[in-house]
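If you're wondering where the values come from, they're calculated on a predicted model, not measured in any experiment. Per chain, numbering begins at 1; letters A, B, ... match sequence-line order.
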Amino acid sequence: MGAYNHKEIERKWQGFWSENETYKVDNKAGKPKYYVLDMFPYPSGAGLHVGHPLGYIASDIYSRYKRLKGYNVLHPMGFDSFGLPAEQYAIQTGQHPAVTTENNITRYISQLKNLGFSYDWSREVRTSDPSYYRWTQWIFAQLFNSWYNRNTDKAEPIEDLILIFEKEGNGSINACCDDDTPIFSANEWRAFSGEEKHALTLKYRMTYVAEATVNWCAGLGSVLSNDEVKDGVSERGGFPVEQKLMRQWMMRITAYAQRLLDGLDTVEWTDSLKEQQRNWIGRSVGAMVRFELEKPVDGKDNFVEVFTTRVDTIYGVTFMVLAPEHELVAKITTAEQRADVEQYIENAKKRSERDRMSDVKTVSGAFTGAYVLNPLNSEKIPVFIADYVLAGYGTGAVMAVPSGDQRDWNFARHFDLPVIQILDAQKDIENEADATKEGRYVNSGMIDGMTFAEATQALISWLEEKQVGNGKVNYRLRDAVFSRQRYWGEPVPVYFKNGLPYLLEDEDLPLELPVVDKYLPTATGEPPLGRAENWQNHVDGNSYNYELSTMPGWAGSSWYWYRYMDPHNTEAFASKEAISYWQDVDLYIGGTEHATGHLLYSRFWNKFMKDRGFVIKEEPFKKLINQGMIQGRSSFVYRVKSDNYSRPVFVSAGLKPAYDVTPLHVDVNIVTNDVLDVEAFKLSRPDIAGENAEFVLEDGKYICGVEVEKMSKSKFNVVNPDDIVDKYGADTLRIYEMFLGPLEQAKPWNTNGIDGTFRFLRKLWRLFYNDTEQWVVTDAEPSKEELKVLHKTIKKIEADIEGFSFNTAVSSLMVCVNELGSLKCHKKAVLSELVVLISPYAPHIAEELWAVLGNQPGTVSDATFPQWEPQYVIDDVFEYPVQINGKVRTSLSFAVDADPKSIEAEVLANETVQKWMEGKPARKVIVVPKRIVNVVI
RNA sequence: GCGGGCGUGGCGGAACUGGUAGACGUGCUAGACUUAGGAUCUAGUGCCGCAAGGCGUGGGGGUUCGAUUCCCUCCGCCCGUACCA
């Protein structure tokens, strides 16, 4: 073997791993299990850029490390292959999304294999594969066949609910169901027709059809979930989104609101991510209060109900505000106010979601002419409508307390309504609201003189006793819309009979996507599946239409980690044995952008499956790490503004202040250390810099300007991992990506430092082969010094890896190789442990060196992680003063390569002190963690 | 507004529980080898100063023998979220 040849080595070992299925893993016990999961990618047409593998590299390093530590590691990869881009592409080109998806996956796999990941490729899954989505449909069926029992706080089979209906009706059932569910007795139930019964159970199921206000995106021709909408436009494509009432499949995620919240305390995720989920679920503790209408409408609706978190402020209520969409608005508005109110509602409708959000400052509203009575003191309270009150939260109505809430205060000031002080600690309420809970109540009837806690308690008891209110926990979380009016998704396994949905039989799954002539909505505005011929279920000689919408992108990704456990099972989504062996994901690595989407839905489905006994764990992902995004680092050239296009002039970045220039993106691949390759630039961009272009240089170089932006083609800042692998090798890329900075931090890609990493691997190589490419490894006994270097490194690497501090781990490896190099250490005993240490980071070179050291080829991943042994070597003794009982004394401090609490360490410390003191006795040796400090006179 | 996090050389970043700040890499400087260097190797490199020495972890204050680390305060930046009653 000659000099380090990354191409040859990587080709050789990737081939070996593939042929020998080195990383195939069995579901068998005997070793403790460890499950390392990457968020599987959507296979986009653009392929991978260097930012994508960051998390995969980290998870691969950890997987390989755990394997060396003796675990049976499951580390799979697959593809979230249903999605919008493939479908948009299909609309434009007519190509079936399955075809483009297949091509993209092939490309992804080859790119991933190029990086030397230890995936068990035999377990690969694709969500768009019928053998996979058959089980997504099956889970949908289980949801359809379940209801949520609030008493047991679990999802249970729908048959159990029907048994209760038959025995006692639904009057005393504590379940999650639709608001409009009528109450019926057992007798009434038995008298219902089969269809009526079915219709009633639909109100209880975990998934149900409802008329719901949804985010309709005309640009995409589909409904979007809340987490797919950002700033009033679609996350994908950036099309405007409007609110629209549509008939949709819904998922009763709200049943799990509290459990989703509680579960967060049991998982090791970052605080910020847990906090994002908590905010999304949005639990608030407060009270429902009924305000009686002064003039009841149609004898039925005689009150307005509000939700408040500050029931203690109820004596400060001076008006009430309803959302413009509130159902009572039309009924209570008086004749003389009707024109005003209708005008306001009309205007509110016209304002887009976006305008409404950006225009928070302007106060607007309209008086309905109606009044309600404060239940505490029977004060007459005017009722307004305003769009600062949202129909979708609470009851869509608020009791306004201008002295305690700034929005209410603004509204009161605008409409000249009174502001009543309610707490003696409130300050300056003439000029702004003061939301304090300090002090004692004033102007507050029965709670005068009380504190916040006392008042809240007293009021809730009073309200409950008088039956005009009650304590209540409210959540912001809404049930999830589950329908998408698109083609490239899982068909919903449901057909309709007399307008009611029925499940397909199990044996009819999968319900495969039909062929369609175009991937667009039909002429009548139905989803693309409306184009499929004979898209019907044939039962008992009749034909019933299938559901036309498909499932959302999150369906397939909400359970995929179970499929990896047993990917080829045709009897179940995974066998009981596989599930009870692998249980849950020990380490999950992925981006933080899935905080309120995938990560929430997955937890929801997992809890559901746990309730129904299909899986074991309440939480699917024990530990979660969010890798930071790798941004692009764009390079710019500066063209001097001029009309002479035939002879453009470009100035180097340092000189541009002297000119009037236009910055232009330049391809980062022809820029090295910010220096532009001028000739390559001329050749690649004849459109802007032809033969005649002139370059004003600094120190003979053209320096480019730099800006950090998202990595994208249009910014010419995309770096393809294939190019890096070709030039430096996968091992270098892997190490360099880890070396860039802390895993969780966002950072711009910068190829500048990569040579240093490459040099490191060559230095490593030179510990085995000298400059003339001769083998120099010997069997000699390592010296004390050499062992110290090795064991210091083992200790450090282990601590760093356990703490996911891969950047400092890599640094330590570099130090180790440098030190062994300057010690001229070519000893087999040391080098074979070093190779194992390096193997998670640079598996190809490690495998090669492992083999040339005389080990069985291809077994470095089965080696044992070296054990750190204390070396009892002390250096770097230094003095510092310490104050003991008011007297300043001198103290010695030094690092010990040993457990500082061990006897050996103490003996060594004493010896060192003796030497330092030249024989005089030390007064006392104090052992402290990490150092041994000796206090002397 | 609210929530989470951050602020250290020219740059990316180290410093574990308060104990030699700036590891490691890059960049820069000098030297060696060389027809050449955008290859390789060696040495130096926080700032000021010829030096002795002084100053240094966003600003100010505090605790401590000792503070990048703990406390108070101000400033700045990033991420998430938002008329949530």
Side-chain angles (χ1 to χ4, degrees), chain A residues 230-231 270-276 278-280 282-284 286 306-311 313 320-321 323 356-357 359-363 386-390 392-401 404-408 410-411 435 474-477 592-593 595-596 626 628-629 633 672-675 677 701 706 735-736 739-742 744-757 759-760 762-763 771 796 799-800 803 805 807-818 876-884 886-891 893-895 928-931 933:
Chain A
K230 295 270 140 83
D231 298 326
T270 60
D271 288 339
S272 93
L273 202 96
K274 289 186 190 182
E275 209 48 38
Q276 277 184 56
R278 286 195 189 104
N279 291 340
W280 191 261
R283 176 189 155 103
S284 50
V306 302
F307 175 74
T308 176
T309 53
R310 289 294 303 274
V311 69
T313 63
M320 174 170 287
V321 188
R356 198 163 152 170
M357 284 194 299
D359 184 23
V360 175
K361 303 257 151 52
T362 319
V363 177
D387 64 7
Y388 83 85
V389 174
L390 305 175
Y393 184 75
T395 62
V398 302
M399 58 177 227
V401 183
D405 183 291
Q406 193 57 46
R407 289 157 307 167
D408 295 348
N410 294 344
F411 196 88
N474 202 41
Y475 299 92
R476 192 182 82 116
L477 187 71
T592 179
E593 67 272 18
T596 52
N626 297 115
M629 213 203 342
R633 188 173 181 278
T672 311
N673 291 341
D674 298 337
V675 177
D677 181 336
K701 296 168 187 164
V706 165
I735 293 184
Y736 186 60
F739 188 71
L740 271 177
E744 310 202 46
Q745 191 176 301
K747 49 207 169 262
W749 175 264
N750 185 350
T751 314
N752 289 356
I754 199 164
D755 292 292
T757 319
R759 214 168 279 144
F760 157 68
R762 280 204 310 242
K763 282 184 196 165
D771 293 347
K796 182 80 170 29
D800 284 344
S805 181
N807 55 331
T808 55
V810 170
S811 296
S812 307
L813 287 171
M814 290 181 176
V815 172
C816 182
V817 167
N818 283 343
D876 303 332
V877 183
F878 63 98
E879 293 181 34
Y880 57 86
V882 108
Q883 201 172 42
I884 307 277
K887 285 182 193 159
V888 177
R889 312 210 184 258
T890 302
S891 159
S893 174
F894 38 82
V928 298
K930 137 179 168 180
R931 264 162 208 286
V933 180

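- Pairing for rA39(B) is absent, judged as Watson-Crick or G-U wobble with the two contacts each under 3.5 Å.
- Put simply, CG on N626(A) and OG1 on T270(A) are 5.0 Å apart, with the number rounded to the nearest 0.5 Å.
- Comparing the C1' positions of rG12(B) and rG4(B) gives an interatomic distance of 24 Å, to the nearest angstrom.
- The CD-C1' distance, from Q276(A) to rG80(B), rounds to 5 Å in whole Å.
- Taking the P atoms as reference points, rG61(B) lies 15 Å from rC55(B), given to the whole Å.
- Base pairing analysis places rU69(B) opposite nothing; no Watson-Crick or G-U wobble pair with both distances below 3.5 Å involves it.
- The side chain of S811(A) has rA23(B) as its nearest neighbour among rC83(B), rA23(B), rA85(B).
- Under the Watson-Crick and G-U wobble criteria, each requiring two contacts below 3.5 Å, nucleotide rU45(B) is paired to rG27(B).
- Distance, R407(A) CZ to rC2(B) P: 13 Å, rounded to whole Å.
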Tabulate protein N/O versus nucleotide N/O from nucleotides 39-41 of chain B, keeping only pairs under 3.5 Å, one per line.
| from | atom 1 | to | atom 2 | distance (Å) |
| --- | --- | --- | --- | --- |
| rU40(B) | OP1 | R762(A) | NH2 | 2.9 |

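- Pairing for rA85(B) is absent, judged as Watson-Crick or G-U wobble with the two contacts each under 3.5 Å.
- You'll find the side chain of V306(A) reaches within 4.5 Å of the side chain of M320(A), heavy atoms only.
- Atoms CE (M814(A)) and P (rA14(B)) sit 14 Å apart, rounded to a whole Å.
- Between the CE atom of M629(A) and the CD atom of E593(A) there is a distance of 7.5 Å, given to the nearest 0.5 Å.
- In rG4(B) the base sits anti relative to the sugar, since the glycosidic angle is further than 90° from 0.
- Across rA67(B) and rG60(B), the matching C1' atoms stand 16 Å from one another, rounded to whole Å.
- Across all strands shown, rG18(B) forms no Watson-Crick or G-U wobble pair with both distances under 3.5 Å.
- Of the residues near RNA chain B, D405(A) and N818(A), the one whose nearest nucleotide (by heavy atom distance) lies more toward the 5' end is N818(A).
- The closest side-chain heavy-atom distance from T592(A) to E744(A) is not below 4.5 Å.
- Along RNA chain B, the nucleotide closest to T308(A) and the one closest to I754(A) are compared, and the more 5′ of them pairs with I754(A).
- Backbone-only engagement by Q745(A) is indicated by non-hydrogen atom pairs under 4.0 Å involving sugar-phosphate atoms exclusively.
- Among the protein residues, N750(A) comes within range of no part of the nucleic acid, since none of its heavy atoms lies under 4.0 Å from any strand.
- Looking at heavy atoms from C-beta onward, Y388(A) lies out of side-chain contact with V363(A) at the 4.5 angstrom threshold.
- rU57(B) and rC6(B) have their C1' atoms separated by 14 Å, given to the nearest Å.
- Across rC70(B) and rC16(B), the matching P atoms stand 10 Å from one another, rounded to whole Å.
- Straight-line distance between the P atoms of rG31(B) and rU17(B): roughly 45 Å, to the nearest whole Å.
- In this structure, the separation between CZ on R633(A) and NZ on K747(A) is 15.5 Å, given to the nearest 0.5 Å.
- In this structure, N279(A) atom CG and rA82(B) atom C1' are separated by 9 Å, rounded to whole Å.
- One finds a salt bridge joining D800(A) and K796(A) here, because a Lys/Arg side-chain nitrogen approaches an Asp/Glu carboxylate oxygen to under 4.0 Å.
- If you take CG of L740(A) and P of rG13(B), they are 9 Å apart, rounded to a whole angstrom.
- Proximity note for L390(A) (side chain, C-beta onward) versus rG5(B), rA85(B), rG25(B): the nearest is rA85(B).
- In this structure, the separation between CD1 on I735(A) and CG on N807(A) is 13.0 Å, given to the nearest 0.5 Å.
- The two atoms that bring V389(A) and A323(A) nearest to each other are O-CB, 3.3 Å, heavy atoms only.
- Among the nucleotides rC83(B), rC84(B), rG3(B), the one closest to the side chain of Y388(A) is rC83(B).
- A pairwise comparison of heavy atoms in Y736(A) and T751(A) identifies OH-C, 4.1 Å as the closest pair.
- Look at NZ on K747(A): it is 18 Å from P on rC78(B), rounded to the nearest Å.
- Taking atom C1' in both rG27(B) and rG10(B), one finds a spacing of 7 Å when rounded to whole Å.
- When Watson-Crick and G-U wobble pairs are counted only if both distances are under 3.5 Å, rC6(B) pairs with rG76(B).
- For P742(A), whose side chain is taken as the heavy atoms from C-beta onward, the closest listed nucleotide among rG3(B), rC24(B), rA14(B) is rA14(B).
- Looking at heavy-atom distances under 4.0 Å, S272(A) makes contact with sugar-phosphate atoms alone, never a base.
- One atom, CG of L273(A), and another, P of rU81(B), lie 11 Å apart when rounded to the nearest Å.
- Rounding to whole angstrom units, CG of residue N807(A) and C1' of rC16(B) are separated by 14 Å.
- If you take atom P in rA21(B) and the same atom in rG3(B), they sit 37 Å apart, rounded to whole Å.
- When heavy atoms are screened at a 4.0 angstrom cut-off, P748(A) is found touching no nucleic acid atom at all.
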